[in-house]
Amino acid sequence: MRWLVLNTIDDNLLPYGYQTSIKIAYVLNVTVVSVGIGEYLYNLEENAKSYTFEAKMRLLLELCAEEEQLRFADGIQKIKDFNKLKNKPSKLIGPIIKLKSLLINIYDGESEYFFKTLQINYELRTLKKILHPEQFYYYPKSAQPNEADLGNFTLELPDPENGIPIFFLTVQDYSNKDLLSFEIFKSTSKNAEELNNCYAEESCKFPIMALLVGNDLRNMRADLEKPSKEFREKIEAWAQVCYQNPNSKEGLLYFRKHLKKWLNSTKKLPLKSRMLKGIDNDINNLRSEILIGEMPIEKIWQLYLNGNTITQKSFDTLLQYKSDHTPKYDGRWPVVIFKCLDTNFKLLFPKDEIKEESTNLSVRKTISLD
């Protein structure tokens, strides 16, 4: 069994959901996969240290505000044109050196800020330290909403040998507001029997998981290896029933019989880690929980559309794919749902502040390239 955490850095899903979902799965000893945020982004900060001037400028154009791109691109082109000259005019050498220095300074500021926000929001530096081929890994390709690999959304994945895939969904946006355009019913509800409805029940509750280092997470994982064994086995057995009996109520019936009452006993499972218990006693902010249930496949895609993880065009393509392969995608898939319980808590780096600071950075470094 592996849980899939699917985000892009351009989407509107709660970034705390990305980093915390991975940490939750990791400490529960569930194999977890980062989808969408992949090799390029995890290694970008380290790789950028050895970038040439040309590579730095390409990254600068990706990072800077849209209104700055033309001016920066114009300056970069001036340097390229100058370098092509066999006989370089002496009067231009000084200005070109200054221009190149200014662009490098701008790059340094923009890249430093980008890597800072990437760490604060997604904690890639931290997560990189716990990468492991059997515990936590990423699919290599990083994605943007208009470049989404739709195979990830139809579970046509590159690693089928690694067990049953289950989407680990974040259902809140950057402002901690609910992205769901549909109701999640209790498993005992009559509405849960309708295959076009979602049902879920509460499970593990976690204290704040931000700012933990790699050793902290490894120690929590070790603490919970045995206590979480039953949890992993029961969730995997139920998920197997769901996938073996598509477009039916078998997953729900199994859930009601084997998971409904038992899940209540898992709410305090994380506190069997000494460190998590200590955090729980000391800090009241940013608590979270996971819910276990089934969600109609189309509504999973709708959630990613609502969160800007995929475009309307990609969503329409998925709907057409569903129609072309009916009844394969007509039922429900087992899912794990992440929810941040402190919806009024101000996150460490809200998206509007990132945009504002990025704009201010560009304004402070405005230069003339003429």
Side-chain angles (χ1 to χ4, degrees), residues 3-27 30 32-49 59 62-63 110-132 135-145 147-149 152 167-177 179 206 208-218 220 285-286 288 290 303-304 307-310 336-340 342 345-358:
W3 292 0
L4 310 177
V5 180
L6 200 163
N7 284 71
T8 69
I9 62 167
D10 295 317
D11 67 22
N12 198 36
L13 296 178
L14 179 67
Y16 185 68
Y18 173 82
Q19 55 162 288
T20 307
S21 294
I22 290 174
K23 293 173 185 176
I24 285 174
Y26 180 82
V27 302
V30 175
V32 58
V33 186
S34 173
V35 185
I37 297 178
E39 183 174 12
Y40 174 74
L41 287 169
Y42 269 88
N43 295 321
L44 180 58
E45 184 173 11
E46 185 64 29
N47 290 342
K49 294 177 182 177
L59 181 56
E62 291 183 22
L63 299 181
E110 291 279 1
S111 61
E112 179 184 359
Y113 189 79
F114 174 74
F115 295 133
K116 174 185 174 183
T117 58
L118 203 61
Q119 170 61 15
I120 291 174
N121 280 338
Y122 296 96
E123 290 203 20
L124 298 193
R125 293 174 192 159
T126 302
L127 296 177
K128 187 175 179 179
K129 294 178 180 178
I130 60 170
L131 286 168
H132 185 284
Q135 299 171 2
F136 164 52
Y137 59 96
Y138 48 69
Y139 292 151
K141 184 178 179 181
S142 297
Q144 296 178 343
E147 299 175 355
D149 183 347
N152 294 328
F167 276 115
F168 196 167
L169 303 171
T170 294
V171 296
Q172 292 153 300
D173 66 11
Y174 244 100
S175 302
N176 259 2
K177 295 179 181 177
L179 279 169
F206 284 82
I208 184 172
M209 299 286 282
L211 307 180
L212 298 172
V213 298
N215 284 338
D216 294 335
L217 295 168
R218 282 186 282 270
M220 293 173 184
N285 293 326
L286 284 180
S288 56
I290 63 174
L303 172 63
Y304 284 122
N308 196 35
T309 309
I310 57 174
V336 181
I337 298 171
F338 169 85
K339 290 191 73 174
C340 179
D342 296 310
F345 186 82
K346 186 174 182 180
L347 298 172
L348 294 173
F349 230 128
K351 197 170 190 177
D352 56 349
E353 290 189 10
I354 293 175
K355 289 181 177 178
E356 180 181 352
E357 178 64 20
S358 180

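Residue numbers run from 1 in the order of the sequence given. Scope of the values below: all heavy atoms of this structure, side chains included, with no hydrogens, waters or symmetry mates.
Of the possible polar contacts, none joining the Thr20 side chain to the Gly17 backbone as a donor-acceptor pair under 3.5 Å is found. Using a distance-only test at 3.5 Å, with no hydrogens or angles considered, no donor-acceptor pair links the side chain of Asn152 to the main chain of Gly36. A donor-acceptor pair under 3.5 Å is formed between the side chain of Asp216 and the backbone N or O of Val213. Between the side chain of Gln19 and the backbone N or O of Asn121, at least one donor-acceptor pair lies under 3.5 Å. Panel note: side chain Asn43, backbone Asn47; no donor-acceptor pair is recorded below 3.5 Å. At least one donor-acceptor pair under 3.5 Å links the side chain of Gln172 to the backbone N or O of Cys340.
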For the pair Leu303 and Val171, evaluate side-chain contact (heavy atoms from CB on, under 4.5 Å) and give the outcome as yes or no after the intermediate values.
CA-CA 7 Å; Leu303 172 63; Val171 296; 3.9 Å; yes
Tyr16/Phe338 under side-chain contact (heavy atoms from CB on, under 4.5 Å): CA gap, chis, key distance, verdict
CA-CA 10 Å; Tyr16 185 68; Phe338 169 85; 4.1 Å; yes
For side-chain contact (heavy atoms from CB on, under 4.5 Å), just list the numbers for Leu127 and Ile130, CA-CA rounded to whole Å, side-chain angles, deciding distance to a tenth of an Å, and then say yes or no.
CA-CA 5 Å; Leu127 296 177; Ile130 60 170; 4.2 Å; yes
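Legend: residues meeting salt bridge (Lys or Arg N to Asp or Glu O under 4.0 Å) with Glu62, ordered by chain and number and at least two apart, are absent. Tyr42 is linked by a ring pair (Phe, Tyr, Trp, His ring centres under 6.0 Å) to Tyr138, counting only residues two or more places apart in sequence or in another chain. By the side-chain contact (heavy atoms from CB on, under 4.5 Å) test, Lys129 is found to be paired with no residue, residues two or more places apart in sequence or in another chain being considered.
Residues Ile37 and Leu124 are in side-chain contact: their nearest non-hydrogen atoms beyond the backbone lie under 4.5 Å apart. Looking at Leu44 and Phe114, their side chains come closer than 4.5 Å, going by heavy atoms from C-beta outward. Looking only at side-chain heavy atoms (C-beta outward), Val33 and Tyr137 come within less than 4.5 Å of each other. Side-chain contact check for Val35 versus Val5: every heavy-atom pair is 4.5 Å or farther apart. A 4.5 Å side-chain heavy-atom check between Arg125 and Glu45 finds at least one atom pair inside the cut-off. Taking the side chain as every heavy atom from C-beta outward, Tyr26 and Trp3 never approach each other to under 4.5 Å. Contact of the Leu4 side chain with the Leu6 side chain is not registered, since no non-hydrogen atoms from C-beta on lie closer than 4.5 Å.
Of all heavy-atom pairs between Val27 and Met220, the closest is CG1-CB, 3.7 Å.
Expressed to the nearest 0.5 Å, how far OH of Tyr304 lies from CG of Asp11 amounts to 9.0 Å. Taken from CD1 in Ile337 to OG1 in Thr170, the straight-line distance is 10.0 Å, to the nearest 0.5 Å. In this structure, OG in Ser288 is found 10.0 Å from CG in Leu14, a value given to the nearest 0.5 Å. Rounded to the nearest 0.5 Å, atoms CG (Asn308) and CG (Leu179) are 10.0 Å apart. With rounding to the nearest 0.5 Å, the separation of CG in Leu286 from CZ in Phe206 is 14.5 Å. The CG atom of Asn7 sits 11.0 Å away from the CZ atom of Phe168 when rounded to the nearest 0.5 Å.
Between Lys141 and Glu39, no side-chain nitrogen of the basic residue sits less than 4.0 Å from a carboxylate oxygen of the acidic one, so the salt-bridge criterion is not met. Checked for salt-bridge contact, Lys23 and Glu123 meet the test: a charged N lies under 4.0 Å from a carboxylate O.
Side-chain N/O atoms of Gln119 and Thr126 include a donor and acceptor closer than 3.5 Å. Between the side chains of Ser34 and Tyr18, at least one donor-acceptor pair of N or O atoms lies under 3.5 Å.
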